[in-house]
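One structure is given here, and the rest of the page talks about it.
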Amino acid sequence: MLYKIFKYLENIDHFRLALQLTLLDLILRPIGTLEIRTPLLILAILGLIIPNLIKNYLFWLTLTILTLIRVVLDWPLADNHAYLLSLWCFAIFLSTYKKDSNLLKSNAKLMIGLVFLFAFIWKAFLSSDYLDNRFFSISMIEDPRFSEFTQVTCDISENDLNDFRDYIKQHIDGDLVFVDVINFDFECINKISGFLTYYTLLLEFLVALFFLMPKKIRVSKYRDYFLILFCIFVYSVSTVEGFGWLLVAMGLSQYEEIKIIKLSYLVTFLIILIYREVPIFEIMLKTF
């Protein structure tokens, strides 16, 4: 049974599959206000169940307009996923209008490379709170999405973590409430945040480098492995699944004809879904 599934996935048109994963992203991670979300969900569902609709350029033009309206309505506070999603829908529109899958392939490769290049430049040269570990240190303490991860990796109880949160939230000119922070292993936080800081930066640099590398350089074909590794690593901790699924869809649209890569992208899509639906670190806390 499993063998038949793999054989089917190996033979399926990866261009069509990339568009299907884009629509799945819109369904699994609805975006925008009710006025935008409703038509987007309806169109995404119709695109999956009506065979010819997914390659209709007017269909993707409509999705482009809706996702662009979402960016405008949220301006200037729209997240980076919103901008990339709108640009990606526009790239698909151009490709379906021209009936040229290679156009989408080249656009996807360039967009991924530039996204990671700008992310690397921002973190390495423009941000004042990344290379000194502050970003991940604060996130591990303050961001609820990191709570279980922090407790597992640093063997910190939920009560100690909450106490420390209360302690650092106190205003400097207010009355300080004494909290015994000796039990809080901040050295561990520093070590883990340091690893997350530089490992993420390294992966972003490698993805940017290999995706922007000319095709004639033979090692450029390994670019997909770095993107897949990034998605599996980063989205296990940072639960921004909509962004992860979008990167998977974009990666799938531009991969070289290596069957294991196609399957790896699909597995990565499922892994990100598991990260969202299964509280892995919470289970680890209860088990160990």
Same cluster for I260 and L270 if Ile/Leu/Val/Met/Phe/Trp/Tyr side chains link at under 4.5 Å? no

Which is it for D224 and K109 under the salt bridge (Lys or Arg N to Asp or Glu O under 4.0 Å) test, yes or no, and what are the steps along the way? CA-CA 10 Å; D224 300 288; K109 184 174 177 291; over 6 Å; no

Heavy-atom closest pair, residues F15 and S101: CD1-CB, 3.6 Å

Should R223 and V207 count as side-chain neighbours, where that means a heavy-atom distance under 4.5 Å? no

When you group the ILVMFWY residues by side-chain heavy-atom contacts below 4.5 Å and let the links chain together, are I283 and I274 in the same group? yes

Is there a side-chain contact between L85 and L26, using heavy atoms and a 4.5 Å cut-off? yes

Which atom pair, heavy atoms only, marks the closest approach of I156 to I189? CD1-CD1, 4.4 Å

pair R70-T33: side-chain heavy atoms closer than 4.5 Å: no

If Ile, Leu, Val, Met, Phe, Trp and Tyr residues are connected whenever their side-chain heavy atoms lie under 4.5 Å apart, and connections chain through other members, are Y275 and V240 in the same group? yes

Test side chain to side chain contact (heavy atoms under 4.5 Å, CB included) applied to I31 and R37, step by step: CA-CA 6 Å; I31 61 169; R37 180 178 303 189; over 6 Å; no

If you compare all heavy atoms of H81 against all heavy atoms of G242, which two are closest, and at what distance to 0.1 Å? NE2-O, 3.4 Å

May I ask you to decide if G251's main-chain N or O and Q254's side chain share a donor-acceptor pair within less than 3.5 Å? yes

Would a 4.5 Å heavy-atom cut-off, applied to side chains only, mark E148 and E158 as touching? no

CG/L103 to CG/N107 distance, rounded to the nearest 0.5 angstrom? 5.0 Å

Quick one: does S106's side chain have a donor or acceptor within less than 3.5 Å of a partner on N102's backbone? yes

From the options D155, N159, D160, select the one residue that forms a side-chain hydrogen bond (donor to acceptor under 3.5 Å, both in side chains) with S157. D160

Over 12 foreign heavy atoms within 6.0 Å of OH, Y83: yes

In Å, rounded to the nearest 0.5 Å, how long is the span from OG1 of T96 to CG of L19? 8.0 Å

Given the side-chain rings of F116 and F230, with only the six-membered ring counted for Trp, is the space between their centroids under 6.0 Å? yes

I'd like to know if V72 and L66 are part of one continuous hydrophobic network [Ile/Leu/Val/Met/Phe/Trp/Tyr, side-chain heavy atoms within less than 4.5 Å]. no

Pick one: which of L196, I141, V237 meets side chain to side chain contact (heavy atoms under 4.5 Å, CB included) with F136? L196

Main-chain N/O of D100 paired with S95 side-chain donor or acceptor, under 3.5 Å: yes

Whether S220 side chain and I217 backbone form a donor-acceptor pair below 3.5 Å: yes

Hey, could you give me the OG1/CD1 distance between T197 and I192, rounded to the nearest 0.5 Å? 11.0 Å

Determine, stepwise, if the pair R276 / I272 fulfils side chain to side chain contact (heavy atoms under 4.5 Å, CB included). CA-CA 6 Å; R276 187 184 78 167; I272 295 173; 6.0 Å; no

As an exercise, state the distance from OG of S137 to CG of D132, rounded to the nearest 0.5 Å. 8.0 Å

Please confirm whether the backbone N or O of F269 pairs with a side-chain atom of W245, one donor and one acceptor, at under 3.5 Å? yes

Y97 atom OH: more than 12 heavy-atom contacts under 6.0 Å: no

In short, I27 meets A44 closest at the heavy-atom pair CG1-CB, 3.6 Å

For T64, does its backbone N or O pair with a side-chain atom of T67 as donor and acceptor, under 3.5 Å? yes

Membership question, hydrophobic clusters at under 4.5 Å side-chain separation (ILVMFWY): are V71 and W60 in the same one? no

For the residue pair F243 and Y235, establish whether any side-chain heavy-atom pair is separated by less than 4.5 Å. yes

Check whether any side-chain heavy atom of L28 lies under 4.5 Å from a side-chain heavy atom of E241, and answer yes or no. no

Relative to the ring of F205, is the ring of F120 parallel (under 30°), tilted (30 to 60°) or perpendicular (over 60°)? tilted

Quick one, R134 with S128, criterion side chain to side chain contact (heavy atoms under 4.5 Å, CB included). Give me CA distance, side-chain angles, the key distance, then yes/no. CA-CA 9 Å; R134 271 186 292 166; S128 60; 4.2 Å; yes

Test side chain to side chain contact (heavy atoms under 4.5 Å, CB included) applied to L161 and S147, step by step: CA-CA 8 Å; L161 183 58; S147 291; 4.3 Å; yes

Using 0.5 Å steps for rounding, measure from the CZ atom of F149 to the CE atom of M140. 5.0 Å

To the nearest 0.5 Å, what is the distance between CD (Q20) and CG (L23)? 7.5 Å

Is S238 reaching over with its side chain to a backbone N or O of V234, donor-acceptor style, under 3.5 angstrom? no

Would you mind reporting whether F281 and L285 have side-chain heavy atoms less than 4.5 Å apart? no

Within a strict 4.5 Å, meaning less than it, do heavy atoms of the L94 and Y57 side chains meet? no

Which heavy atom of A18 sits nearest a heavy atom of S253, and at what distance? CB-CB, 3.6 Å

Are Y199 and F233 close enough that their ring centres sit under 6.0 Å apart? yes

If you look at every heavy atom in K123 and L131, which pair is closest and at what distance? O-CG, 3.8 Å

